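See below for the structure under consideration.
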Amino acid sequence: MPNETDNFDPLSLAIAPPPDETPEERIVRELAEREAVLRSREIDAELKAAKVAMKRYKNAIKILVLGQSLSGKSTTIKNFQRKYAQKAWADERATWKAIILFNLVRSVNIMIDALNRAPVYDPQKQAASPIIALGGALLAERHQSIILRLAPLREVEKDLKLFLGAGATEVEAQTYTTPNEQNQVMFEFKKSNTQEFCVRSSSGWRGVIDRIKTSQNGKESQVHRVVSQVVDSCKADILWLWKDPVTQSILHSQRLRLEDSPGFFIDDIDRIVATDYEPSDHDIMRARLRTTGVQEHHFMLDRTNGTKLDWIMYDVAGIRTSRAAWVPYFKEVTGLLFLAPISAFNERLEEDTSIFRLEDTFMLWKTLCGNKLLSRVQLILFLNKTDLLRKKLEQGILVKKYMPEFDKENTYENVATWFRKIFKKYFIQHSEPGRSFISHFTSVIDTEATSVTLIAVQSAILQHDMAEVGLL
Ligand SMILES: Nc1nc2c(ncn2[C@@H]2O[C@H](COP(=O)(O)OP(=O)(O)OP(=O)(O)O)[C@@H](O)[C@H]2O)c(=O)[nH]1
Ligand SMILES: [Mg+2]
């Protein structure tokens, strides 16, 4: 015979409405229950999406882009974005304006700093021509009054720096001990005041672009407008100063080649301050904002069989104090793109002026080739900034002066081939046997030529990946 306890269901009892529930209380309770069901479904959907994302992440091709600061890493990733994420690229076009304006104002202020360092022409003491007096260039009254009129650009630069964040400040020169050949120094550092270990950060150009994009009608677009207006009102003075032979002579005497420096836009000022200005692909490639932290970029690439493949590219900060943040990524990547700015053979590292930039690049390359964690990773070398290399050689700058071992005629073909040979030699010396050496001569601000290189990179990485999983 059934007793009372046989029908006892603790769950039904727990969720049963209270026996003395009023109609109002019932409505409130039922609403709360419905909301709980909806939230539970939402959580299920989020978990499902997270699971799919995890699976996609696991199967994605992951590429780490490395090289010293200013080597062209972010510019290379911009090329990938232009080619493989066309909608985002188009949507973000206008947001580059702020960075381009900042680059322009910065160049003008660098030019003014150089002029402020030059002696001033004094008609009482010096010869009649300000250009030839004392055999050097002197500032005339007109330069001085223009410099005064351009003073507001200091404030504009300061405001834009605050607005754009840490990436708007280039690293200051610091003195480090020169690394030895065994150079663990590549990944450990003496000074930590500029360290950036904000892994997967939202700062740097990616973060800035996202921030500007999400608030098009807010403070950011006002910033564009106000800065454009200020620069427009200074346009005539900026152009006069830039084209003036005294200015050019002073810049030359201080070895400042602004026109070949990152983010040079003075020659484009008319276009840039126009109210309907839209940055071109070439403008965006030339825009400069230093990367801080490590940033992820996602792309969908077509496979030959018509299906899609996820690519994740990691853009990192190249300055020495940030290189330790690269190491955690070594374990998870399929490929590594290394940017070597071969035009930099006569330049010193900004953060450590005791070392030439190409020397730092060679050491970095050797360290990466010999790194055990990367031994099965496909390395691809971009011998970048070939346009600037060509220009320097045409100007008569001799490679031999900086690298006495170079004993050929100072032509682009000879120099470029010789640099490639050095990279290949270090690759063979430091890599595990059997690894193939892949290199490309690039100028990544040239989107058309780079587009062809990217196809070759894609196919090399996919082939390597298939070989790794045993499909080849
Ligand atoms: N002329 C020329 N300029 C280049 C080339 N590659 C990059 N640049 C410019 O050099 C500057 C630096 O390039 P980035 O891509 O920002 O350098 P990065 O390696 O990301 O530097 P960090 O973020 O500091 O590590 C930018 O203004 C680019 O437009 C090139 O092949 N030729
Ligand atoms: Mg960068």
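All of these numbers come straight from a predicted model, not from anything done at the bench. Note that ligands are numbered from 1 as they come in the structure, with each ligand's atoms numbered from 1 the same way.
- Atom 10 (O) of ligand 1 has Lys385 NZ, 3.3 Å as its closest protein atom, hydrogens excluded (heavy atom only).
- Checking only distances, Arg290 never comes within under 3.5 Å of ligand 1, N or O to N or O.
- The protein non-hydrogen atom at the shortest distance from atom 19 (O) of ligand 1 is Lys73 NZ, 2.7 Å.
- The OG1 atom of Thr291 and the OG atom of Ser74 subtend an angle of 80° at the Mg ion (ligand 2), given to the nearest 10 degrees.
- Judged by the 6.0 Å and 45° rule, Lys392 forms a cation-pi pair with Phe345.
- Considering backbone and side-chain N/O of Val444, one or more are found under 3.5 Å from N/O of ligand 1.
- Remark: distances from the non-hydrogen atoms of Ala317 to ligand 1 include one below 4.0 Å.
- Annotation: atom 15 (O) of ligand 1 to nearest protein heavy atom, Thr75 OG1, 2.5 Å.
- For the pair Asp360 and Arg320, the salt-bridge criterion is met [side-chain N within less than 4.0 Å of a carboxylate O].
- The N/O atoms of Ser71, backbone and side chain alike, include one that comes under 3.5 Å of an N/O atom in ligand 1.
- In terms of protein heavy atoms, atom 11 (C) of ligand 1 is closest to Pro262 CB, 3.6 Å.
- For a threshold of 3.5 Å applied to N or O pairs, the pair formed by Ile319 and ligand 1 contains no separation below that value.
- In terms of protein heavy-atom proximity, atom 29 (O) of ligand 1 is closest to Met285 O, 2.6 Å.
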- prompt: Is there a side-chain hydrogen bond (donor to acceptor under 3.5 Å, both in side chains) between Thr411 and Asn414 once you walk through the steps?
  reply: CA-CA 5 Å; Thr411 62; Asn414 285 346; 3.2 Å; yes
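- Salt bridge status for Arg390 with Glu394: absent, with no side-chain N to carboxylate O gap under 4.0 Å.
- Partner of Trp365 under the ring-ring contact (aromatic ring centres under 6.0 Å, His included) criterion, chosen from Phe382, Tyr426, Phe419, Phe338: Phe338.
- Atom 17 (O) of ligand 1 has Gly72 N, 3.3 Å as its closest protein atom, hydrogens excluded (heavy atom only).
- Residue Arg288 has at least one N or O atom closer than 3.5 Å to an N or O atom of ligand 1.
- Remark: Lys62 is positioned above the aromatic ring of Tyr57, its terminal NZ or CZ atom under 6.0 angstrom from the ring centre and at most 45 degrees off the axis.
- Nearest heavy atom pair, residue Val294 against residue Ala325, reads CG2-O, 4.1 Å.
- Nearest protein heavy-atom neighbour of atom 32 (N) of ligand 1: Asp387 OD1, 2.8 Å.
- Checked against a 3.5 angstrom limit, the closest N/O atoms of Leu70 and ligand 1 fall inside it.
- For the pair Lys400 and Phe406, the cation-pi criterion (under 6.0 Å, within 45° of the ring axis) is not fulfilled.
- Among all non-hydrogen protein atoms, the one lying nearest atom 24 (O) of ligand 1 is Ser69 OG, 2.5 Å.
- The list of ring pair (Phe, Tyr, Trp, His ring centres under 6.0 Å) pairs with a residue in residues 268-288, not counting sequence neighbours, is empty.
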